[in-house]
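Below is one structure; the comments refer to it alone.
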2 protein chains.
Amino acid sequence: MLRMTKQADYGIVLMSYLANQPERPFSAPDLAVETQLPLPTVSKVLKHLCREGLLSSHRGVKGGYSLSQDPRQITVAAMIAALDGPIAFTECIEDTPGSCSQEDNCHLRANWQRINQSVTQALEDISLFDLAVSSRPPLVQLGSVRGALAN
Amino acid sequence: MLRMTKQADYGIVLMSYLANQPERPFSAPDLAVETQLPLPTVSKVLKHLCREGLLSSHRGVKGGYSLSQDPRQITVAAMIAALDGPIAFTECIEDTPGSCSQEDNCHLRANWQRINQSVTQALEDISLFDLAVSSRPPLVQLGSVRGALAN
DNA sequence: CAAAAATAGGACTCATTCAGTCCTGATTCA
DNA sequence: TGAATCAGGACTGAATGAGTCCTATTTTTG
Ligand code: FES
Ligand code: FES
């Protein structure tokens, strides 16, 4: 497996969508319809991303979410980290030392960190902008799907 | 999080140990003592690795496990894939098409594959040999820990 | 000023998956 | 023949994730 959570999955989908429509904010219900993802979870993810500083929110009737930064500045690593927590392939990697029982006589710690670093680097090399340009649909579709689903 | 399972974790630890002691096979109980990991799980992981072709086994009284290939030929990606299954960051990546509900109108599929490919590449660039050389302990220790734990 | 629409935050439940254990059989060596 | 080891799978308990829902708070609009 080795897969990220659906939260991160959804988050990247949502961020990509927003990166393609930078002109105005989108509300959670709108985004749920557009991406065909379940509204409550979408809402949860958006709130999370907002708390982490990747999105800006605006309350009230005409409120919604929009990117808080230039898509070129946002890396895939940052999005995953925001939703799934720090990228730590094994327990011993996590910030707190002492979390691993074998820490003192373990000669692998440096290796875990190397593996971890390698993967992190790979994810940092891809920006939201990179994802957005290639996922941009024919713009006609912008809203044509709206209302297709009930939720 | 974004972490691999303990199976893969243990597997890499065990493989690294074996890579440092290429002269003879080790039994599951021996390896459990040396690595200070729980025996039943160690046994399970070893069997798994053997079935996947990364280890050779030899039954009987003087049996045990040993690497079936040159450590330079074994990548971290291969070990993780053997234990955790194919590296697939999101559901849509998995082999079977049709697994994702949004497949037809999804413009992100290429992106997932790019992310996935990037991470896979990072893990393929590290070989077991790379891990082993840096984790090699002072060889005096070879067995000094033996018997320190009961299981 | 009041109502509607949206976000903020968190509690909660259910399903899935993982970690770990255990048992039964097959193989090898002394 | 018997002891030690691997082979394979079934099983249980715990942890985690996905998803839902409820109650504020904020903002716009009539
Ligand atoms: S510190 Fe945890 S296995 Fe090395
Ligand atoms: S195919 Fe699954 S999200 Fe695109």
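First the proteins, then the strands, lettered A, B, ... as listed; each starts at 1.
Atom-to-atom, CG of A:Leu39 to C1' of D:dC22 comes out at 14 Å; the value is rounded to the nearest Å. Distance CZ (B:Arg24) to P (C:dC29): 17 Å, rounded to an integer number of Å. Between B:Lys47 atom NZ and C:dC22 atom C1' the separation is 10 Å, expressed in whole Å. In this entry the distance linking CD of B:Gln7 with C1' of C:dT17 reads 11 Å, nearest Å. Rounded to an integer number of Å, the gap from CG of B:Asp30 to P of D:dC6 is 9 Å. Regarding B:Leu46, its CG atom lies at a distance of 14 Å from the P atom of C:dG20, rounded to whole Å. Atom-to-atom, NE2 of B:His48 to P of D:dA10 comes out at 14 Å; the value is rounded to the nearest Å. Remark: P of D:dT16 and CZ of B:Arg3 are 8 Å apart, rounded to the nearest angstrom.
In this structure B:Asp70 satisfies the side chain to side chain donor-acceptor pair (under 3.5 Å) test with no other residue, sequence neighbours excluded. Taking the side chain to side chain donor-acceptor pair (under 3.5 Å) definition, one finds that A:Thr5 meets it with A:Asp84, sequence neighbours left out.
Between A:Val42 and A:Leu46, some side-chain heavy-atom pair lies under the 4.5 Å cut-off.
Just one of A:Val13, A:Leu31, A:Leu128 meets the side chain to side chain contact (heavy atoms under 4.5 Å, CB included) condition when paired with A:Leu18; it is A:Leu31. Considering B:Val76, B:Asp125, B:Ile80, B:Asp130 in turn, B:Val76 is the only one that fulfils the side chain to side chain contact (heavy atoms under 4.5 Å, CB included) rule with A:Ile115.
Judged purely by atom type and a 3.5 angstrom limit, A:Ser43 has no side-chain atom pairing as donor or acceptor with the backbone of A:Leu39. Under a 3.5 Å cut-off, the side chain of B:Ser68 and the backbone N or O of B:Leu54 do form a donor-acceptor pair.
Distances shorter than 4.0 Å separate some side-chain N or O of A:Tyr10 from OP1 or OP2 on D:dG19. In terms of phosphate contacts, B:Arg51 brings no side-chain nitrogen or oxygen within less than 4.0 Å of OP1 or OP2 of D:dA7.
Scanning atom types as modelled, no donor and acceptor separated by under 3.5 angstrom connect the side chain of A:Lys6 and the base of D:dG19.
The stretch residues 56-68 of chain B touches DNA chain C through B:His58, B:Arg59, B:Gly60, B:Val61, each having a heavy atom under 4.0 angstrom from the strand.
Of the residues near DNA chain D, B:Cys50 and A:Thr41, the one whose nearest nucleotide (by heavy atom distance) lies more toward the 5' end is B:Cys50.
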